[in-house]
Chemist: 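Below is the structure I would like to discuss, written out as structure tokens.
Being a predicted model, the structure only gives us computed values, none of them experimental. Side chains included, hydrogens not; waters and symmetry mates left out as well; all remaining heavy atoms used.
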Amino acid sequence: MRNIKFTLPVSRCLLPVLLLVLQASCTSLQQKAQTQFNTGEYQLAIASYSKLLENEPDNSEANFYIAESYRLSNRIEKATEYYEKVNEADATFDSQYHKGKSLKGKGEYEAAKEAFEAAKTLTMDDEKIALANKEIQNIDAIANITPIWPNHELENFTLLNTSGLDYAPVLSENQLFFTSSRGARGMYTGSGQGYTRLFKTRADGINVDVQGVQTLTEFQNESGLNQGAIAISPDGNRIVYARGNSNRKGDLPEVSLFSSTFNGSGFTQPAFMGVNGEPEYWNSTPAFSPDGETLYFASNRPGGYGGTDLYKATKMASGNFGAGVNLGPEVNTPGNEMFPRPLANGEFYFSSDGHPGFGKLDLFVYKEVEGQNKIVNLGPNFNSVADDFGIFFTKYPEEGFITSNREGGKGDDDIYFFKDMTPAPKVVNVMLNVVTKTIAENGEEEILPQVRVMLYDDKNETVDGDLSSQSGRLRFPLEPDENYSIIASKTGYFTKSIPYTTIGKTPAEEDLIQDVTNISLDTTIVLDQLILERAIVLENIYYDLDKADIRPDAAIELDKLVKILKDNPGIRIELSSHTDARATDAYNDDLSQRRAESAVAYIVSQGIAADRLEAKGYGERQLIIENAQTEEEHQINRRTEFKVIEITE
């Protein structure tokens with residue numbers, strides 16, 4: 001706790017002359033309350049000032065100091081009613097500003113904004129006005145806070161917690177270390193809680209042996225002191241923890257960091273650390289970097305940006321840590337930052353009441369978002385209007401602990417564990433049934449066995465492959481919403497490649513009912529026999545009258561031939577053009593030759609080597625229907641064909 005001294009205004013504990021004895025008693029009580037407040041005995045000060053209010057419920061001074069006592073003992077949400085009784089003449093920026101913080105700590109955001117606005121009217125200090133404006137902006141930003149892990153859920157560790165304080169657990173070598181006021185001897189007069197000590201028990205992740213909790217065995221807890229948050233070095237050989245709040249004469253009054261190291265036979269007696277700087281400043285909530293070379297902690301030393309700031313100190317050759325370095329304004333604010341937690345992936349977790357949050361301390365992470373380092377609130381499934389702090393991951397990011405004094409807990413500060421409760425994704429199994437066939441002499445399809453069928457993904461990498469069975473069948477497992485290509489080949493047949501997609505062929509995820517859904521798809525691949533000199537008609541190859549230009553509709557059909565040539569790189573073909581018999585022989589020979597050459601030129605333009613192609617115009621010399629009479633018969637004679645003239649592979 002910090003001891004913040006205030007100058008007491010002129011007493012308003014004035015009574016009628018007939019009550020001079022009571023006046024003397026009131027004055028004595030007020031002096032006692034003032035002394036208790038000034039020495040940081042806030043719980044005692046609350047009790048003393050409350051006695052004054054029994055006779056003077058509207059005593060502005062007493063209400064103010066009760067409010068301040070709650071604020072300085074981290075119970076600012078209880079201060080609202082007392083700030084509200086500070087009369088208009090005594091109201092200051094600080095009383096209205098902290099009233100706003102108190103209201104925010106209860107989730108009364110609109111009333112809090114009104115208090116911050118009122119605070120601005122009570123000062124000419126630009127820095128204080130900016131402070132109030134920042135609080136208003138933070139409240140406005142609450143509506144935009146979303147969970148970074150929407151399916152993470154918190155649960156109070158009721159079997160581990162007590163009715164007092166239980167907070168800041170850390171796991172090291174299957175031992176859970178934490179701070180608790182259980183079994184306390186004596187009350188800390190700053191908060192009214194029992195003095196806290198360090199405890200440990202066995203744990204496997206978030207599974208904790210709640211029956212085996214014992215006080216720390218590495219060294220002895222000090223009596224009459226608060227032992228605070230603890231940090232264990234990654235190698236387990238160093239313990240750093242916070243200790244303070246002593247009322248003993250000659251002892252350190254503030255909270256400071258102490259260190260104990262393992263010397264081979266046991267841990268040394270904890271020693272005051274040099275990173276504390278001057279002993280009158282508050283230093284607490286330590287944490288090691290993942291490599292153990294840096295110590296992070298919170299401090300209210302001068303030169304920071306607000307109440308308590310986060311600092312880091314680097315280990316020196318001696319093994320001690322050097323001077324603390326402020327983490328800067330990206331992390332620190334005019335409010336309070338504490339409980340740092342650096343991770344090996346570069347993410348930095350901490351708690352703050354200065355960044356946009358729901359109330360008092362919220363959990364935040366400083367990490368890279370879309371190429372920029374940003375502070376991100378963990379969201380409403382982690383944070384509340386109360387204090388939420390001390391995150392520790394036992395399995396990043398799925399499991400771990402936090403501490404919170406939110407409503408509904410077992411005590412004051414309680415330990416909570418969190419788990420990723422994202423439901424297991426529903427599984428869709430897609431099976432593609434392939435049948436391989438060919439065209440029989442009678443023009444009908446028939447089964448073609450022992451065809452090699454290869455499956456490739458959209459990056460042209462092999463996914464699967466096999467020979468079709470004697471019944472021409474085989475199966476491939478596919479992924480939903482993916483594109484594939486299938487290549488089928490067999491000696492004596494044209495190799496064929498076809499695209500295949502599962503996009504749109506499986507139910508949408510939101511429509512799935514069962515945990516596992518099996519989808520069966522079917523496709524048939526028909527291979528044509530590869531026979532030398534056998535003509536194959538290219539359907540729908542049309543030309544404009546008396547022209548040899550390739551029309552767009554003809555290009556579509558020629559692209560099919562391009563694909564055949566690409567699928568079968570070992571063949572050479574003759575591409576022939578035929579006319580009907582309605583012009584002279586010479587004219588038809590010339591026209592068909594130009595058309596054949598035009599078709600070949602188009603195919604070459606699509607990436608096929610010219611030496612794999614021969615253009616031949618037959619004119620009307622190879623009519624299919626002699627003496628054609630109808631336009632349909634003439635059209636049959638006007639055709640484009642190809643035939644394989646050489647197989648080089």
Chemist: Honestly, is R406 close enough over Y416, meaning NZ or CZ under 6.0 Å from the six-membered ring centre and within 45° of the axis?
Modeler: yes
Chemist: Which of these, I645, V600, L575, sits in a side-chain contact (heavy atoms from CB on, under 4.5 Å) with E614?
Modeler: I645
Chemist: Is R341 reaching over with its side chain to a backbone N or O of I391, donor-acceptor style, under 3.5 angstrom?
Modeler: yes
Chemist: For K563 and S497, test the side chains for any donor-to-acceptor distance below 3.5 angstrom and give the result as yes or no.
Modeler: yes
Chemist: Does CZ belonging to R202 count more than 12 external heavy atoms closer than 6.0 Å?
Modeler: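 Count not over threshold, so no.
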Chemist: Checking side chain to side chain donor-acceptor pair (under 3.5 Å) for the pair N383/N377: CA distance, chi angles, key distance, verdict?
Modeler: CA-CA 8 Å; N383 293 312; N377 188 300; 2.8 Å; yes
Chemist: Got more than 12 heavy atoms from elsewhere within 6.0 Å of CD, E370?
Modeler: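 No, not enclosed.
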Chemist: With a 4.5 Å cut-off on side-chain heavy atoms, are K426 and V516 touching?
Modeler: no
Chemist: Quick one: salt bridge (Lys or Arg N to Asp or Glu O under 4.0 Å) partners of D309, sequence neighbours excluded?
Modeler: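 Once residues adjacent in sequence are excluded, D309 has no partner under the salt bridge (Lys or Arg N to Asp or Glu O under 4.0 Å) criterion.
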Chemist: What's the verdict on side chain to side chain contact (heavy atoms under 4.5 Å, CB included) for L171 and F177, showing C-alpha distance, side-chain angles and the deciding distance?
Modeler: CA-CA 6 Å; L171 191 67; F177 298 81; over 6 Å; no
Chemist: When you look at Y366 and E330, which way does the side chain to side chain donor-acceptor pair (under 3.5 Å) test go after all the steps?
Modeler: CA-CA 9 Å; Y366 182 53; E330 284 190 303; 2.6 Å; yes
Chemist: Ion pair present between K560 and E557, side-chain N to carboxylate O less than 4.0 angstrom?
Modeler: yes
Chemist: Run the ring-ring contact (aromatic ring centres under 6.0 Å, His included) test on Y296 and F350 for me, step by step, so that the C-alpha distance in whole Å, both residues' side-chain angles and the decisive distance to 0.1 Å come before the verdict.
Modeler: CA-CA 10 Å; Y296 293 87; F350 64 100; over 10 Å; no
Chemist: If only side-chain N and O atoms count, and only distance matters, is there a donor-acceptor pair under 3.5 Å linking D388 with S384?
Modeler: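 Judged by distance alone, the side chains do pair up.
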Chemist: Consider only side-chain N and O atoms of E633 and Q629, and report whether a donor and an acceptor are under 3.5 Å apart.
Modeler: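 No, Q629 and E633 have no side-chain donor paired with an acceptor closer than 3.5 Å.
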Chemist: Rounded to the nearest 0.5 Å, what separates atom CH2 in W149 from atom CZ in F382?
Modeler: 5.5 Å
Chemist: Between K419 and F417, is NZ or CZ placed under 6.0 angstrom from the six-membered ring centre and within 45° of the ring axis?
Modeler: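 No, a cation-pi geometry is absent between K419 and F417.
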Chemist: Does the side chain to side chain contact (heavy atoms under 4.5 Å, CB included) test come out yes or no for I498 and I525, once each step is laid out?
Modeler: CA-CA 8 Å; I498 61 170; I525 302 175; 3.9 Å; yes
Chemist: Is there a donor-acceptor contact under 3.5 Å linking the side chains of S592 and S577?
Modeler: no
Chemist: List the residues meeting side chain to side chain contact (heavy atoms under 4.5 Å, CB included) with A231, not counting sequence neighbours, and say none if there are none.
Modeler: P286, F288
Chemist: With a cut-off of 6.0 Å (strictly less than), are more than 12 heavy atoms of other residues, nucleotides or ligands near NZ of K312?
Modeler: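 At most 12 heavy atoms, drawn from other residues, nucleotides or ligands, come within 6.0 Å of this atom.
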Chemist: Using a distance-only test with no angle check, is there a side-chain donor-acceptor pair under 3.5 angstrom linking Y602 and D559?
Modeler: yes
Chemist: Counting only heavy atoms not in E441 (residues, nucleotides, ligands), do more than 12 fall under 6.0 Å from its CD?
Modeler: no
Chemist: Can D585 and R621 be counted as an ion pair, charged N to O under 4.0 angstrom?
Modeler: no
Chemist: When you check the side-chain N and O atoms of D567 and T495, is any donor under 3.5 Å from an acceptor?
Modeler: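 No - no donor-acceptor pair under 3.5 Å links their side chains.
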Chemist: With a cut-off of 6.0 Å (strictly less than), are more than 12 heavy atoms of other residues, nucleotides or ligands near CD1 of I503?
Modeler: yes
Chemist: Quick one: do the E368 and N373 side chains pair a donor with an acceptor below 3.5 Å?
Modeler: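 Per modelled atom types, E368 and N373 side chains form no pair under 3.5 Å.
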Chemist: Are E347 and Y396 linked by a side-chain donor-acceptor pair shorter than 3.5 Å?
Modeler: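 Side chains of E347 and Y396: pair found under 3.5 Å.
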Chemist: Counting heavy atoms not belonging to Q450, are there more than 12 under 6.0 Å from its CD?
Modeler: yes
Chemist: Would you say CD of E482 has more than 12 non-hydrogen atoms from neighbouring residues, nucleotides or ligands within 6.0 angstrom?
Modeler: yes
Chemist: Less than 3.5 Å apart, any donor N or O on the side chain of D362 or S351 sitting next to an acceptor on the other?
Modeler: no
Chemist: What class does the angle between the rings of F157 and F401 fall in, given that below 30° is parallel, 30 to 60° is tilted and above 60° is perpendicular?
Modeler: parallel
Chemist: If only side-chain N and O atoms count, and only distance matters, is there a donor-acceptor pair under 3.5 Å linking N518 with N429?
Modeler: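 Yes - a donor-acceptor pair under 3.5 Å links their side chains.
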